Novice: 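After the structure tokens below, expect a handful of questions from me.
In what follows, residues are counted from 1 in the order of the sequence shown. Quick caveat, the model's predicted, so the values are computed rather than measured.
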Amino acid sequence: MELTYRNAIENTKNKILDDINNYLGSQEKLPAFEDYLADRTNYIHQLWLNIWLNKSTNSISRHEKKKFLQEKGFETENVDRKLINQLFRTEMRSYKPFDALDWIHKKWNSGEFDWEHKYTEARADFLQKQEEMQLQASIHKFQEKLIDHIDEMIEKNEKAIFLYARHFIGSQISKDIKIGTKYLQKDTFALERQLQSLGKFQANTFKLAAEFFDELTGDIHRTFHSGRRYFEYETYFDRYIGQLAEFLDKFLLELGNKIIASVSEITISQSFAQSIMQEILSDTSEDLAILYLEQLRDEYLSDLLNVAEKPFSLEKHAEIYENDLEDRKRKREEELAELKRKKEEEKRLITEIFGQEYEPSVNQNIHFTLHIGETNTGKTHRALEKMKASSSGLYLAPLRLLALEVFDKLNEEGTLCSLKTGEEERVVAGATHISCTVEMFHEKESFDCIVIDEAQMITDKDRGFSWYKAITKANANEVHIIGSRNVKDILLELLGEANVEMIEYHRDVPLEVEKREFKFNRVDKGDALICFSRKKVLETASRLENAGHKVSMIYGSMPPETRKKQVQRFNNGETAMIVSTDAIGMGLNLPIRRVVFLENEKFDGQRRRLLTSQEVKQIAGRAGRKGIYNTGKVAFVSNIKKMWDLLISEDEPIQTFSVAPTNVVFERFQKYYRDLGTFFDLWEKFESPKGTKKASLLEEKELYEKIRGTKIEAKIGIMDLYGFLHLPFSKKEPELIGQWEQTMFAIVEGEDLPEPRMKNRNLEDLELTYKAIGLHLLFLYRLDQRTEAIYWERLREQISDKVHDRLRTDVKNMAKKCRRCGRNLPWEHQFQICDQCHERKYRRNYFI
């Protein structure tokens, strides 16, 4: 506090000395010392108080303030900061007052003030500052006048200046096109990537000047963005700004010299006036350069090249420019008219191609039975019993595993049934029934009875149309549709006036949510533990196996045959519990006592989100197998109240369903076009009917880009090519994409199909090999090479057996590891990285 006090005194003394100088300088005659005191006493008194209060409040710490106030008898504990400052400031008003007037008198009496000499210096400084201020005012007035005259000059000569600039830029473009190099376009800030030369420019490849302006020059220049300096690859637009600004600078300077004399009525030198004008013109030239180049962007490049060939004449170039404007206006009108005609034609084609294809039309003679209700209520069983009793039947499954399960079930129960999925066909002699995936449905095939399972999948953005097509195009005497409650309304809407019977199902075995959070030490026989990634399934299974439990596993990329064996082990009591992804929620009937959600969120391909009410119900509904348990148990590891609300809440009815291209659409399209690129463009522009949403066709488009313009597109018809693009395989696996491409080229070259790569180093390799054989089988069946397909089906079954065996042996040896350093983590560790790696990452991010 003492240091702050001394600083405040020194500050006050300096301020008083400054005030004396200002006071003396402003007086025309030497005032008496007493006159100064009489005029400034109040100011001096207030000066000390202001300086001391501000310094003491701002410079002294809160701790010292509290200590000072405590010594004065104030209570400072748990007192607001604002009140502490207020109390302290009040106390400081009377703290060791500094008598500034006394200090001045002592200085005067000691003879330190040579009042007359001080006045002389102060007056001289004051007059000099006055003169400088007047000069600055004169310069400012000169600048304002000069700017006005320059603006007037530019406005008066605007057309001529623009025409000079137009001719200059046309000449530059002509030169640069002749000697310049064309580079592959890229991000201008990506300096780490070298430019790729594409050869010389061809003037006829550019329609507008803007197209050439955006080409890269090959040089690097400095630029500013958001107040920061950067380096980037230069475009011709960047280069022309500098070149045109320099050209205009010289041009305007010649005009500007004539106006200096008319505004030089103030006492500044000619050279100084010239430098001011150059500075103003420099800024003006750059602004004009940018303005003119923006105007020239919209001109036809051919017009600018034509201008460059003609010597500059103001009258002649004005005439050329007017003609170019008229010609450009006429061309633009023609282009707009052509664009409008094309849009109208495109709209007509879209209507004709897609037309009424997606308006539901149901055969009125079919008897539809809707089986609506929760999971595990016997819906599918009852529908299949009806199909078994029919003379011929077709079961449409959402998954290959379910198609396989129904195939086995019907044959075991004496109803001969064949299997048909994209990857396999098992024809049973004398069979009148078929079990297949929903994508294999063909509207021209007729059956006595058709069963369509999991109809709520109609809303799936990529696969939903398969359900729509099966429901609205079914060709049978009776059709049984199985779905959750939220699909009921949209099914009734689609079926319209058809003969519809509704059977609603309710659980006979109630669900009971456990009130306490699940812990691993309470795992029990009959549990199904649910998580949402293959990695988490394997880690959880390993944790349980190492704790002495026998476990079955289910996850999406697991081969269906392996999955079937895992399910059988659980059904037969060989394993006590099952760890699964949400794949368990669709059609699998298992003797599950309790469903345990190890996670409340899942990654849906774009983001990690909370489970939906329907997802919770679909999975939880597997608990409490009828005839085995009287109650189905459901447990959560956290947020039980929220998850319970999702389980019991009413589902929002499905409002929309997905539509996708049909054979009829492709037949119409082929009347006008022969390439799938145009088809994808039209599909993007097509507005599907109200209540529908288009399939994204994103995976198909990405595959198409790999073979666009190749022999494959040239030699394969549109419908067949789309069929190959639409093959149901994992399009996220680069190896499978490569296999697909190689096979497509083999097909058009008439060569044998390349065999899939076989790898078996680890579980992931075996699963990928299984998928690769599956893709190979998709091609073999599509090309009707059934004999060869039999060999690959047997080989795939062997791979599936190996996957099953590896699961049983590898899982026990698994460990949860930090994804950064590989260190083993405790099973209960919540995160994917260890504490040390997280701490290092935190420290690094903090100090960046």
Side-chain angles (χ1 to χ4, degrees), residues 346 348-359 361 396 420-423 425 436-446 461-470 472-475 658-686 688 692 694-729 731 737 739-750 753 775-786 789:
E346 184 178 77
R348 185 190 67 80
L349 285 177
I350 288 173
T351 302
E352 186 170 329
I353 291 168
F354 302 109
Q356 303 301 310
E357 181 65 13
Y358 303 105
E359 294 294 331
S361 56
L396 300 175
K420 187 177 183 183
T421 69
E423 301 176 38
E425 287 187 17
C436 65
T437 49
V438 69
E439 281 82 5
M440 301 306 295
F441 169 79
H442 199 291
E443 60 194 83
K444 292 182 180 178
E445 294 177 342
S446 176
K461 65 184 179 67
D462 294 313
R463 300 181 64 209
F465 185 65
S466 296
W467 275 267
Y468 168 81
K469 187 168 68 169
T472 59
K473 307 291 184 184
N475 191 2
S658 293
V659 295
T662 64
N663 288 345
V664 174
V665 164
F666 280 113
E667 287 168 4
R668 293 174 186 154
F669 174 78
Q670 287 180 109
K671 295 178 184 177
Y672 303 99
Y673 300 103
R674 294 293 174 189
D675 69 294
L676 271 176
T678 302
F679 179 84
F680 286 129
D681 289 341
L682 291 178
W683 179 257
E684 190 71 30
K685 294 171 184 176
F686 163 59
S688 63
T692 68
K694 294 181 296 185
S696 66
L697 306 188
L698 182 62
E699 290 184 340
E700 288 83 353
K701 282 188 280 189
E702 288 177 352
L703 267 188
Y704 172 69
E705 288 303 321
K706 293 184 176 296
I707 51 93
R708 182 198 280 265
T710 64
K711 287 181 181 180
I712 295 172
E713 186 174 23
K715 291 188 175 183
I716 299 179
I718 286 178
M719 290 175 67
D720 286 335
L721 181 57
Y722 181 79
F724 286 121
L725 294 172
H726 196 59
L727 288 176
F729 71 96
K731 298 180 176 74
I737 295 288
Q739 179 184 334
W740 181 87
E741 286 186 75
Q742 292 171 15
T743 306
M744 292 299 295
F745 276 108
I747 290 171
V748 297
E749 296 292 353
L753 302 190
L775 176 56
H776 190 61
L777 283 165
L778 286 171
F779 277 107
L780 291 175
Y781 280 117
R782 192 165 188 87
L783 299 172
D784 205 25
Q785 297 180 19
R786 299 175 187 278

Novice: Working to the nearest 0.5 Å, report the span between CD1 of Ile707 and CD of Glu713.
Specialist: 5.5 Å
Novice: Which word best sums up how the rings of Phe666 and Tyr722 line up, parallel for under 30°, tilted for 30 to 60°, or perpendicular for over 60°?
Specialist: tilted
Novice: Would you mind checking if Glu346 and Lys685 are paired as a salt bridge, meaning a charged N to carboxylate O distance below 4.0 Å?
Specialist: yes
Novice: Taking all non-hydrogen atoms of both residues into account, name the closest pair between Glu445 and Asn475 and its distance.
Specialist: O-CB, 3.5 Å
Novice: Please evaluate residues Val748 and Thr710 with respect to the criterion side chain to side chain contact (heavy atoms under 4.5 Å, CB included), reporting the C-alpha separation (whole Å), side-chain torsions for both, the decisive distance (0.1 Å), and the verdict.
Specialist: CA-CA 10 Å; Val748 297; Thr710 64; over 6 Å; no
Novice: Roughly how far, to the nearest 0.5 Å, is OG of Ser658 from OH of Tyr468?
Specialist: 11.5 Å
Novice: Are Trp683 and Phe686 an aromatic pair, judged by ring center distance below 6.0 Å?
Specialist: yes
Novice: Indicate yes or no: at least one non-hydrogen side-chain atom of Leu783 is less than 4.5 angstrom from one of Leu753.
Specialist: yes
Novice: Kindly indicate whether the side chain of Met744, heavy atoms from C-beta on, has any atom under 4.5 Å from the side chain of Leu721.
Specialist: yes
Novice: Using a 4.5 Å cut-off on heavy atoms from C-beta on, say whether the side chain of Leu725 contacts that of Leu676.
Specialist: yes
Novice: List the atom of Lys731, the atom of Ile737, and the distance in Å for their closest heavy-atom pair.
Specialist: O-CD1, 3.7 Å
Novice: Hey, mind stepping through Tyr781 and Lys420 against side chain to side chain contact (heavy atoms under 4.5 Å, CB included) and telling me if it holds?
Specialist: CA-CA 10 Å; Tyr781 280 117; Lys420 187 177 183 183; over 6 Å; no
Novice: Charged N to carboxylate O below 4.0 Å: is that the case for Arg463 and Glu439?
Specialist: yes
Novice: Indicate the atoms forming the closest heavy-atom contact of Leu727 with Arg782, along with that distance.
Specialist: CD2-CD, 4.1 Å
Novice: List the steps, then state whether side chain to side chain contact (heavy atoms under 4.5 Å, CB included) holds for Tyr673 with Leu682.
Specialist: CA-CA 11 Å; Tyr673 300 103; Leu682 291 178; 4.0 Å; yes
Novice: Tell me whether the rings of Phe679 and Phe669 are parallel (<30°), tilted (30 to 60°) or perpendicular (>60°).
Specialist: perpendicular
Novice: For Ala470 and Val438, which heavy atoms make the closest approach, and how far apart are they?
Specialist: CB-CG2, 4.4 Å
Novice: Applying the ring pair (Phe, Tyr, Trp, His ring centres under 6.0 Å) test to Phe724, which of Phe729, Tyr704, Phe779 qualifies?
Specialist: Phe779
Novice: Using 0.5 Å steps for rounding, measure from the CG atom of Leu697 to the CD atom of Glu699.
Specialist: 10.0 Å
Novice: If every non-hydrogen atom of Val659 is compared with every non-hydrogen atom of Ser688, which pair is closest and at what distance?
Specialist: CG2-CB, 4.0 Å
Novice: Does the side chain of Pro728 reach to within under 4.5 Å of the side chain of Thr437, using non-hydrogen atoms?
Specialist: no
Novice: Look up atom CD in Gln739 and atom NE2 in His776, then write down how far apart they are to the nearest 0.5 Å.
Specialist: 8.0 Å
Novice: Has the side chain of Glu684 got a donor or acceptor atom that lies under 3.5 Å from a matching backbone atom of Phe680?
Specialist: no
Novice: Quick one: pull up NZ in Lys706 and CH2 in Trp740 and give me the separation to the nearest 0.5 Å.
Specialist: 9.5 Å
Novice: Just wondering, more than 12 heavy atoms not from Glu443 lying within 6.0 Å of its CD?
Specialist: yes
Novice: List the steps and the verdict of side chain to side chain contact (heavy atoms under 4.5 Å, CB included) for Cys436 and Leu396.
Specialist: CA-CA 5 Å; Cys436 65; Leu396 300 175; 3.4 Å; yes
Novice: Rounded to the nearest 0.5 Å, what separates atom CZ in Arg668 from atom CD1 in Ile350?
Specialist: 13.5 Å
Novice: Do you know the tightest heavy-atom contact between Leu777 and Ala789?
Specialist: CD2-O, 3.4 Å
